[in-house]
Amino acid sequence: MTEESVHTTNFIRNIIDNDLQNNKNNGKVATRFPPEPNGYLHIGHAKSICINFGLAKEYQGTCNLRFDDTNPAKEDIEYVESIQNDIKWLGFEWSNLHFASDYFDKLYDYAVQLVKSGKAYVDSLSADQIREYRGTLKEAGKNSPDRDRSIEENLDLFERMKNGEFDEGTYIVRAKIDMSSPNINMRDPAIYRIKKAHHHRTDYKWSIYPMYDYAHGVSDAIEGITHSICTLEFEDHRPLYYWFLEQLNITTPPQQIEFAKLKLDYTVMSKRTLLKLVQEKYVSGWDDPRMLTIAGLRRRGYTPESIRNLIEITGVSKSNGVVEFGQLEYCIREDLNKKVNRIMGILKPLKVVITNYPEGKTEEVDIDNNPEDETAGKRMLSFSKTIYIEQDDFTETPPKGYFRLAPGIEVRLKQAYYIKLENIIRDENGIIEELHCTYDPESKGGTADGRKIKGTIQWVSEQHAINAEVRLYSSLFSKSNPDAEENYQDALNPDSLIVLKDCKLEASMKNAEKGKGYQFIRNGYFCLDQDSSENNLVFNRTVTLKDSWAKEKSKSR
RNA sequence: UGGGGUGUUGCCAAGUGGUAAGGCAUCGGAUUCUGAUUCCGACAUGCGUAGGUUCAAUCCCUACCACCCCAGCCA
């Protein structure tokens, strides 16, 4: 059973199934993903990507990548590159790569056609005046004095706008629809504005640029898109989308379908806020592992599969919901659990000397790379007299139900020996420096007579260990709905990044590979960070393991 | 009565005139050399509210309520 075949249905699939049954569009499905190259893609975009590319794949159709680059003031080549990179990383391929700017000539010709047929006019009202004339949500607008300008004059002015004869803001081309429409989008919306900016693809060729509402539908039609899928806020634009295509005599227009954006609690999704986080240095960049950008998630250690799965299991609908962050964590744990090797890693080391173990002796024990994957094989681990264990795996005062190392509680060192506490060594301030333990030589490999040892803990041999820096992340925000705060800074979690400098890892981790995940046994999933170097290994914690003991403890508190 | 949407369990989400899928979370229990994983079991007499139609309504009708979106020469 493949990942794709276990989905539940949703309203878009129902629409397509129905279209196919009626042989609409000759049984073709053609979608597109239309990002504006003005920022990095985030997990919300991933939903749109999965829907559009996913549907095309499911129905043996096509999905184009089309950059909606109609506003040169905001767009940049850096973003067109990162966007392509992220889509590929997510595991999708576009059928064709397009830019709305490739259609500028056609778009202009179509606009001339609208002017010629009296469906558009050149307005000399200022932006402020246009706003006044537009009316309000409850009151109708009124016609611009220029609404009845002659076609000849409109044509002449439009031409001269194109030729760069006028300053920005002096003229604008508007569709002639209905200033009293209850739908504000139909009150003579702008279709071309003067903008004398450098465009990343057309350079300075144009001094006018089409508006989204006009360019988008026409671009869809040019590409033969059958299902134009967008988010809910464009529902009000749908009549306008069809109006343009109708005026241009496009008889089989794409169908616009709107779905609810992905929202996750404890996060922000708006590009505006993400950009602020970057600019105001609350994060290290667009790819900070705490950012829910695709780049950030990738650096954090999330896999494409886990992100695709999140989108699949949370579904597609028209109701505005908020998905719990735990759902995302479930997806990444589920994926990494079956794919990733287990290694010994100690985050907060506590030195343990095994007093009855021979001085200078080293022996090898074997361990499964991944018990969930029989093909993953085994490897050897070095054991010796002095080891590190996790500080959290020892306590002098064990609470009820505790079965880690403590006075009177014997534990198993995973794959090695049973040990029990003999002595606690402290410094002059009474702080624990190290533990003296004894081991049972009969328990090599982790088994001996019939004794029931409940606790098994990870360890690493002092002389064989390597040092590493580990970055522990938690949610960037401490408020479940940061957008509800007046100021997003008020919702920031001061402990979203904790850096541990003296972590001890098993020796094999000096060969850790970037882009690969590891389970540090009992600690969570980690990956090598790009900041890592040979002399300073740096790991990111992708996600913790589920920890029912921690839950138990917090309950009793 | 400005227009457009949405309301199904803590969260996401199918469903449809015939008596509420699934996933996450949660809670039990089993297995376990990761208090992980895995496995079993529990988890909406109820589908925003109130009426109505019907043998039968979450699904149809009416009214109401709540929430989201829209007044960029942004997308």
Side-chain angles (χ1 to χ4, degrees), chain A residues 6-11 34-36 38 68-71 73-75 123 125-127 130-132 134-141 168-174 181-187 189-195 208-209 211-213 215-216 230-239 258 260 262 265 271 310 312-331 333-334 337-338 342 367-368 371-372 401-404 411-416 418 445-447 453-458 519-524 544-552:
Chain A
V6 279
H7 63 239
T8 66
T9 188
N10 62 50
F11 79 101
E36 183 188 16
N38 69 341
D68 249 331
D69 54 351
T70 54
N71 185 358
K74 292 185 172 178
E75 296 151 8
D123 199 341
L125 249 30
S126 70
I130 285 184
R131 191 179 314 118
E132 283 166 31
R134 186 154 35 224
T136 69
L137 292 177
K138 296 190 177 183
E139 297 158 31
E168 291 187 13
T170 53
Y171 290 102
I172 191 156
V173 181
R174 294 226 258 167
S181 172
N183 181 347
I184 288 194
N185 294 299
M186 301 300 270
R187 319 239 263 230
I191 65 182
Y192 261 100
R193 76 288 213 187
I194 298 170
K195 207 157 255 219
I208 53 171
Y209 290 90
M211 298 289 290
Y212 166 85
D213 282 309
H216 194 80
C230 61
T231 46
L232 252 28
E233 68 269 29
F234 292 104
E235 253 167 339
D236 288 344
H237 297 236
R238 194 167 61 219
E258 310 86 6
L262 174 67
D265 58 8
K271 276 189 193 171
L310 175 81
E312 186 56 44
I313 70 177
T314 54
V316 181
S317 76
K318 294 186 69 124
S319 69
N320 273 313
V322 181
V323 173
E324 291 173 340
F325 200 84
Q327 193 91 232
L328 210 211
E329 295 192 323
Y330 162 80
C331 289
R333 286 187 185 115
E334 196 242 5
N337 173 50
K338 52 191 190 208
R342 273 63 172 167
I367 182 170
D368 284 333
E372 305 290 321
Y402 186 89
F403 51 76
R404 274 111 100 145
V411 296
R412 170 165 42 230
L413 296 173
K414 187 170 172 63
Q415 306 299 125
Y418 297 170
T447 46
I453 300 294
K454 200 112 192 272
T456 299
I457 65 176
Q458 73 276 25
Q519 187 197 97
F520 290 11
I521 293 167
R522 299 206 308 136
N523 270 322
T544 60
L545 254 31
K546 282 214 305 199
D547 188 349
S548 58
W549 172 243
K551 198 189 291 173
E552 190 69 28

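Reminder, nothing fancy here: chain letters follow the sequence lines and each chain counts from 1.
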Sugar-phosphate only, base, or nothing, as touched by A:Y209 at under 4.0 Å among non-hydrogen atoms: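 Touches nothing.
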
Touch class at under 4.0 angstrom, heavy-atom based, for A:G401 against every strand present: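 A:G401: base contact, heavy atoms under 4.0 Å.
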
Partner of A:T456 by side-chain hydrogen bond (donor to acceptor under 3.5 Å, both in side chains), out of A:R522, A:R412, A:K414, A:Q415: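 By the side-chain hydrogen bond (donor to acceptor under 3.5 Å, both in side chains) criterion, A:T456 pairs with just one of A:R522, A:R412, A:K414, A:Q415: A:R412.
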
Protein proximity profile, nucleotides 64-75 of chain B - base contact B, sugar-phosphate-only contact S, no contact -, cut-off 4.0 Å on heavy atoms: ----SBBBSBBB

Nucleic acid footprint by protein, nucleotides 18-27 of chain B - heavy-atom cut-off 4.0 Å, B for base, S for sugar-phosphate alone: ---B-BS-SS

Who passes salt bridge (Lys or Arg N to Asp or Glu O under 4.0 Å) against [X], sequence neighbours left out?
{"X": "A:K454", "result": "none"}
{"X": "A:E233", "result": "A:K261"}
{"X": "A:R134", "result": "none"}

Interatomic distance at P, B:C39 relative to B:U32, whole Å: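 To the nearest whole Å, 16 Å.
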
Under 4.0 angstrom between A:S319 side-chain N/O and B:G5 OP1 or OP2: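 No.
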
Under the ring-ring contact (aromatic ring centres under 6.0 Å, His included) test, residues paired with A:F234 that sit two or more places apart: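 A:F234 satisfies ring-ring contact (aromatic ring centres under 6.0 Å, His included) with A:Y212, A:H237 only.
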
Residues forming a ring-ring contact (aromatic ring centres under 6.0 Å, His included) with A:Y171, sequence neighbours excluded: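 A:Y171: ring-ring contact (aromatic ring centres under 6.0 Å, His included) contacts with A:F166.
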
Tell me, please, which residues at least two apart from [X] pass side-chain contact (heavy atoms from CB on, under 4.5 Å).
{"X": "A:R174", "answer": "A:Y121, A:D123, A:L125, A:I130, A:S144, A:I172, A:M179, A:D188"}
{"X": "A:K551", "answer": "none"}
{"X": "A:N10", "answer": "A:I12, A:R13, A:V316"}
{"X": "A:K74", "answer": "A:E36, A:N38, A:N71"}

RNA chain B stem ranges, 3 or more consecutive Watson-Crick or G-U pairs under 3.5 angstrom: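 Listed by first number, the stems are B:2-7 with B:65-70, B:10-12 with B:22-24, B:26-30 with B:38-42, B:48-52 with B:60-64.
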
Chi-angle category of B:G72 [syn within 90° of 0, anti beyond]: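 Judged by the O4'-C1' to base torsion, B:G72 sits in syn, the angle falling within 90° of 0.
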
Under 3.5 Å donor-acceptor pair, A:E372 side-chain atoms to B:U38 base atoms: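 Checked by distance alone, the answer is no.
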
